Structures are given as structure tokens and as C-alpha cells.
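Every chain is numbered from 1, with letters handed out A, B, ... down the list of sequences. Please read these numbers as outputs of a predicted model, since none were measured by experiment.
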There are 2 protein chains.
Amino acid sequence: MENRLFDFISKYISLTEDEKSALLSLDLFRTVKKGTILLKEGQQSKESYFVLKGCIRTYYILDGEEKTTAFYTEMEALTPPCVINKTPSEYYVSCIEDSILLVSNSDTEAEMNSKFPKFELMCRKLSEELLAKERIDFDEFKTSSPEERYLNLLQKRPDLIQRVPQHQLASYLGIKPQSLSRLRARILEKDKR
Amino acid sequence: MENRLFDFISKYISLTEDEKSALLSLDLFRTVKKGTILLKEGQQSKESYFVLKGCIRTYYILDGEEKTTAFYTEMEALTPPCVINKTPSEYYVSCIEDSILLVSNSDTEAEMNSKFPKFELMCRKLSEELLAKERIDFDEFKTSSPEERYLNLLQKRPDLIQRVPQHQLASYLGIKPQSLSRLRARILEKDKR
DNA sequence: ATAACTCGTTCACTTAAGTTAAGTAATGAA
DNA sequence: TTCATTACTTAACTTAAGTGAACGAGTTAT
């Protein structure tokens, strides 16, 4: 697991052995059981998550209904907005598979960043990259229909369709579970012809 | 205009007079006429934009149709994904009002960042904040209907509805111009009752 | 001044998503 | 095992967005 982390980091900066052990000494790895809720609505957390193995999702409860808006899988990072804005969380984060996460605290992070300017650089690069990616994803969502979104997902993250319950996928695609069922039946019908 | 910039920066870091003049000496301000295209599809640009006054928009041309996905107005920043990923641009950026922009080059930026670690810090903070904001916007979009999105925009950015053509607003809301017209008529009808 | 465009709106029609309800299969707890 | 709950699908009906066409108002070009 440590190596998966260092491989990831090496895409942004190169670490000396000392820096690697400084990072490991923070003891950030955590194994989390499926179903664990990592963050609740209203909480004021300072934790960021990096998924080494497994899957976590973010969801809102609006009018008593769960609305899933994102999934984070292997080598993906989530810093909830409440951590950045220092406000109570608008949403929940839960673990939908037994997972291995790297859980960091924004205070510890700030400390690391000021001790090792390299980390600051990595954080900037990473968040710039994630911002660019998020905007592209948003643009694709805006410019396509539910059916196109589903087909697009099938291309880009086929694993998600296997590992995630349909009703969570549906709200991730911005539609109701019944519509997702129908839409898939429609596609199958087309394929047959 | 310089003061608007420094006020903005002061939300993230504090600058000495020397640093301020170092920044000004880069001569980044640019006045741009309405209609100017700042970035074209396929181009490999290194420019980022910060809007001091005016409005710019990003749009794709898909199947010969313009799809507007974002507007950036006063005190908002855009670094196109092609700058981050060093790939040809997927979209266009154009200026929809006479504007005053701060246009920076990613090479110059990198130089500033390494010369003044403070800038690096500001860039990290800013992009983390923008990422959090973008994710919230995306979540809101996913979890609401076109009508709700319009009403939401009316609350959050009432200026946009005034200054931007309807057909651009429509695709920004993920619908066709005809649907936006109808939707507005529907809302007016409801208000009357 | 006139013609050609663009923009916004409206209308009739089509298509697809939302809603409500029902049924079956799978999962979990007692 | 049985009972209860949850997940997924299907269907009938409603609602709203997409489509194609037409219109008037305002703009630009000739």
C-alpha cells in the first residue's frame, strides 16, 4: 500500500527517503468497513480522504431522499468543501466497500506543507489538476442527455457500474432509479436490432 | 484596477510593497473588446484569465452547435484545462462584454511561484477553494431540475440573467433556448396565481 | 431602404423522464 | 427457516424537455 501511495506522489514531486519516512511516521493509513459513515451532514470535519483501495461516496439527504453525487475509487482524493470553507458539512461521506484509506487532517497537512515546500507544490498541482478534471466532467454532464451520460460512464468507469448499487448510480447520473432501469432496457433493445 | 486585484489577493496572502510592484512589473493587465476570442478549440495555450471587469464565457461546438458551459465575471479566474494538461483545447473562450482582464502565462506563473513561495501558497488555496466551489455547483446541478436551476441562478447570480443572451443561458442550464422560454413563461404563470 | 440574420418567443407534436404502483428477487435479521 | 426490508424492474399515466416550424423585433450588411 505504501508503494501505491509513493507511486502516486511521484507523478507530482520526487521524495527523498527521509521525506518518505516523515510521511509514513504520520501514520495516516486506515482500514474502513463497508457502511462506515466518515462524515455526516452538519459536522465540522478537518479530514481529507485518499482512497488506496475500495470506494467511498458523497451524498446529500434532500426531502428525505438520498442524492448521490460522487464516487471516489482507487487513487482518488476527496477534501470535502466543509474542510476548505470551515463550515458545517452539507453532505455525508460513506464507505461503500471495505476500504483502505489515507486519512489526513488539515492541521497536519498545513504543518507538512510549511515544513516541506515540496508538499505545497504537490497540493497545488493536484488541486489544479482535479479542478480541471471536475470542470470537464461538469461540462460533459451539462452537454449530454441521461442516456449519453450512462453510455459515457460505461466507457470511462465501467467498474463503477459493477460495484455500485443502481439507485446510487441513478442519482449520480441525475435521474431516478426507474428511469435508469428503463434507459438500460432501451439501450439493450437498440443493441438487439 | 490594481487595487481590486490586491484586495482579492489579500484574502489569501499579504503582500509587501516590493512584491506588489514585482507583480505589477509583469504588466499583465489587458483590455479586451466584446466578441474577442481568447482561446480556440485545438489551440495549445498557456494563458490563464482573471476577470477584473466584464465577462468571458467558455463554450464547445458540438455537432455544429454552441454549448456554453461557464461564465466568468468580476473577480473570477479561469485556467483552461488545456493549460493544466498541456493538451489542445476542447473548447473556446470568448469575451462577451468589453472587459479588463489579467492574463497570465503558466511559465511566468511558475517563475513567480518559485521566486515567491507565498504565491505558491495563494495558488494552492485558490484552487482548493475553486475546486470545492465547483463540486458544490456540480452537485446542485445534478440534484435539481432545469426549473430549479433557473430559480437558483436567479438567486445566486441575478446579474448573469441580465447581461447574457438567453440562448447562452439555456445551454448553461443544460437545456434548449425554447425550453428556457417556456420554463420562464411557466414560472410567470405560477406567480400570477 | 431593403434584404439577410440573429434572437427570443410561441405552437404543435414527439420523446423521454418523473410519479405511483405493483411484483419479483435478493439480503438480512429474528 | 421465516419474515421483513431493500433493490431492481416493469407498466400506466403525467409532466416537461426536445424538435421543427413559424413569427415579429431588432441588428447588420448591401
A correct 5'-to-3' footprint of nucleotides 10-30 of chain D, with B, S and - meaning base, sugar-phosphate only and no protein heavy atom under 4.0 Å, is B-----SBBBB----------

Residues passing the ring pair (Phe, Tyr, Trp, His ring centres under 6.0 Å) test with B:F8, sequence neighbours excluded, are B:Y12, B:F50

Of all of residues 152-172 of chain B, which get a heavy atom below 4.0 angstrom from DNA chain C, listed by number?
B:P165, B:Q166, B:H167

A:R57 and A:Y72 side chains, donor-acceptor separation under 3.5 Å:
no

Counting the benzene-type ring for Trp, do B:Y172 and B:F71 have ring centres under 6.0 Å apart?
yes

Nearest whole angstrom, please: distance from the P of C:dG8 to the CG of B:L188.
16 Å

Does any non-hydrogen side-chain atom of A:R4 lie less than 4.5 Å from one of A:M75?
yes

note: A:Y150, atom OH; C:dA17, atom C1'; distance rounded to Å ~ 17 Å

Quiz question: by atom type and distance under 3.5 Å, do the side chains of B:N105 and B:E47 form a donor-acceptor pair?
no

Is the terminal nitrogen or CZ of B:R149 (NZ for Lys, CZ for Arg) located under 6.0 angstrom from the six-membered ring centre of B:F141 and within 45° of that ring's axis?
yes

In this structure, how many angstroms lie between the C1' atom of C:dA17 and the CD1 atom of A:I187, rounded?
14 Å

Regarding B:D139 and A:Y60, do their side chains bring together a donor and an acceptor under 3.5 Å, going by distance alone?
yes

Tell me if the CD atom of B:E74 is crowded by more than 12 foreign heavy atoms within 6.0 Å.
yes

